[in-house]
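One structure is given here, and the rest of the page talks about it.
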Amino acid sequence: MNILIVNQYAVSPKQPGITRSFSFARELVARGHQVSIIAAGINHFTQKEEAKDLEVIEGVTFLWVKTPAYQGNSVKRIINMVSFAQSAISRGKTLETFDLVLGSSPHLLSGLAAQQLAAHWKVPFVLEVRDLWPESLIELGNFSRKHPVVLVLEQLERFLYRKSAHVISVLPAAQDHLTARGAKDVTWLPNGIQGNDRDISSNDHNATPFIALYAGAHGLANNLQTVLDAAQILQ
């Protein structure tokens with residue numbers, strides 16, 4: 001199959017950021033598929049233009065699009081998201097048809113761009129849900145459920161679920177939420193690690209002390225108290 005992934009914040013292994021889309025694409029390539037990723041040239045973490053135009057990395061084709069820079073959660077970030085969606089659709093339509101389009105939703109406009117391209121080619125659209133929008137704004141941002149932004153995002157959320165042939169959720173307990181809002185088929189596909197040939201196991205447990213490392217995000221949504229509670233139990 002010829003597969004297109006749309007994710008504004010997708011990065012290559014040489015850039016800072018979350019490489020889930022690249023790892024997913026690389027595995028699909030290893031299984032005989034062709035995979036392209038449309039992403040923003042400006043890196044979400046550095047706010048610098050890390051890549052331009054087109055790049056092929058380990059068989060995965062990155063199509064970088066230009067977006068305006070922003071700082072923090074300001075109006076400029078909203079403009080940045082809208083700009084990416086528009087640029088992704090425009091860039092995508094210059095390409096030959098794909099067999100499937102997957103949109104990853106660090107924000108819903110990225111998913112909408114993927115849905116529009118899938119509709120353009122009349123091929124299945126798959127939505128990958130990374131964060132629940134607008135639920136995240138309500139639970140973490142103290143937005144009212146009647147806030148105009150929340151109401152608009154909720155309609156967009158339901159539209160994308162209805163249009164999707166399948167929904168992939170990074171979240172382990174989101175299925176009820178997703179199906180209640182129109183998702184038909186849901187698969188939980190959590191984050192993981194890429195194995196290699198190095199054997200990191202050792203029978204000599206006295207050689208070095210055992211160290212547990214949390215390498216995830218340190219934000220309000222990550223509930224690090226759970227990690228600390230687990231560490232205390234494991235002592």
Side-chain angles (χ1 to χ4, degrees), residues 3-12 15 17-25 28 35-45 47 49-51 60-70 73-95 98 100-121 123-137 149-150 152-171 174 178 181-183 186 189 191 217 221:
I3 301 168
L4 177 66
I5 297 174
V6 181
N7 179 359
Q8 179 171 356
Y9 304 140
V11 297
S12 71
Q15 299 175 16
I18 300 170
T19 57
R20 175 183 170 94
S21 289
F22 170 74
S23 297
F24 192 40
L28 289 170
V35 186
S36 301
I37 299 176
I38 294 181
I42 290 183
N43 185 276
H44 174 59
F45 293 94
Q47 283 302 296
E49 191 169 56
E50 302 281 354
V60 179
T61 301
F62 276 91
L63 303 164
W64 307 104
V65 299
K66 286 186 173 295
T67 57
Y70 66 92
N73 293 319
S74 62
V75 174
K76 286 187 176 181
R77 184 171 185 184
I78 298 175
I79 295 172
N80 171 272
M81 293 176 181
V82 173
S83 173
F84 171 77
Q86 293 174 334
S87 297
I89 293 171
S90 298
R91 182 69 181 274
K93 287 183 177 181
T94 66
L95 307 173
F98 288 82
L100 182 146
V101 181
L102 185 150
S104 187
S105 70
H107 59 78
L108 292 176
L109 292 179
S110 185
L112 179 62
Q115 185 276 325
Q116 291 293 299
L117 288 173
H120 172 70
W121 291 309
V123 298
F125 161 60
V126 175
L127 178 66
E128 178 186 69
V129 176
R130 301 186 57 84
D131 297 304
L132 295 177
W133 297 107
E135 200 67 25
S136 295
L137 289 177
V149 172
V150 170
V152 170
L153 288 177
E154 187 174 37
Q155 291 302 310
L156 178 55
E157 175 194 36
R158 291 177 182 272
F159 171 79
L160 292 176
Y161 294 159
R162 289 197 308 270
K163 292 296 183 179
S164 63
H166 200 93
V167 174
I168 298 172
S169 173
V170 181
L171 309 168
L178 299 172
R181 286 160 176 75
V186 179
L189 189 62
N191 290 321

> Shortest non-hydrogen contact from Asn43 to Gln15?
Replying inline: ND2-OE1, 3.7 Å

> Sub-3.5 Å donor-acceptor pair from the side chain of Trp133 to the main-chain atoms of Pro106, do we have one?
Replying inline: yes

> Can you tell me how far the CZ atom of Phe84 sits from the NZ atom of Lys66, to the nearest 0.5 Å?
Replying inline: 14.5 Å

> How far apart are the closest heavy atoms of Ala25 and Ile5, and which atoms are they?
Replying inline: CB-CD1, 4.1 Å

> Under 3.5 Å, is there a donor-acceptor pair between the side chain of Asn80 and the main chain of Pro68?
Replying inline: yes

>> Please give me the minimum heavy-atom distance between Gly103 and Ala114, naming the atom from each residue.
In response: CA-CB, 3.4 Å

> Taking side chain as C-beta onward, heavy atoms only, is Ser12 less than 4.5 Å from Phe62?
Replying inline: yes

>> Can you give me the closest heavy-atom contact between Phe24 and Leu102, atom names plus distance?
In response: CE2-CD1, 3.8 Å

>> Would Leu100 and Val123 count as a side-chain contact (heavy atoms from CB on, under 4.5 Å) here? Give the steps.
In response: CA-CA 6 Å; Leu100 182 146; Val123 298; 5.7 Å; no

> Do Arg77 and His44 have side-chain heavy atoms sitting under 4.5 Å apart?
Replying inline: yes

> Rounded to the nearest 0.5 Å, what separation is found between the OG atom of Ser110 and the CD atom of Gln115?
Replying inline: 12.5 Å

> Closest approach of Leu109 and Leu156, non-hydrogen atoms and distance?
Replying inline: CD2-CD2, 4.2 Å

> Among Arg181, Glu157, Glu154, which residue meets the side chain to side chain contact (heavy atoms under 4.5 Å, CB included) test with Glu135?
Replying inline: Arg181

> Heavy atoms, side chains only, cut-off 4.5 Å: are Val75 and Tyr70 in contact?
Replying inline: no

> Above 12 or not: heavy atoms from other molecules or residues under 6.0 Å from OH of Tyr161?
Replying inline: yes

> Do you know which of Leu63, Val101, Ile89 makes side chain to side chain contact (heavy atoms under 4.5 Å, CB included) with Ile38?
Replying inline: Leu63

> Have Glu128 and Asn7 got a donor and an acceptor in their side chains that come within less than 3.5 Å?
Replying inline: no

> Trp64 versus Arg91: any side-chain heavy-atom pair under 4.5 Å?
Replying inline: no

> Is there a side-chain contact between Phe98 and Ile3 (heavy atoms, below 4.5 Å)?
Replying inline: no

> If you take all heavy atoms of Ala183 and Val167, which pair is closest and at what distance?
Replying inline: CB-CG2, 3.8 Å

>> Using the rule given for side-chain contact (heavy atoms from CB on, under 4.5 Å), can you reason through Tyr9 versus Val11, listing the C-alpha separation, both sets of side-chain angles and the distance that settles it, and then say yes or no?
In response: CA-CA 6 Å; Tyr9 304 140; Val11 297; 6.0 Å; no

> Is the backbone of Ser83 close enough, under 3.5 Å, to the side chain of Ser87 for a donor and an acceptor to pair up by distance?
Replying inline: yes

>> Run the side-chain contact (heavy atoms from CB on, under 4.5 Å) test on Leu127 and Ile168 for me, step by step, so that the C-alpha distance in whole Å, both residues' side-chain angles and the decisive distance to 0.1 Å come before the verdict.
In response: CA-CA 6 Å; Leu127 178 66; Ile168 298 172; over 6 Å; no

> Step by step, would you call Leu4 with Trp121 a side-chain contact (heavy atoms from CB on, under 4.5 Å)?
Replying inline: CA-CA 11 Å; Leu4 177 66; Trp121 291 309; 3.8 Å; yes

> Is there a side-chain contact between Leu178 and Ser169, using heavy atoms and a 4.5 Å cut-off?
Replying inline: yes

> Heavy-atom distance under 4.5 Å between the side chains of Ile37 and Val6, does that happen here?
Replying inline: no

> Is the backbone of His107 close enough, under 3.5 Å, to the side chain of Ser105 for a donor and an acceptor to pair up by distance?
Replying inline: no

> Side chains of Val149 and Leu137: does their closest heavy-atom pair fall under 4.5 Å?
Replying inline: yes

> So, does Arg20 use its side chain to make a donor-acceptor pair with the main chain of Val170 at under 3.5 Å?
Replying inline: no

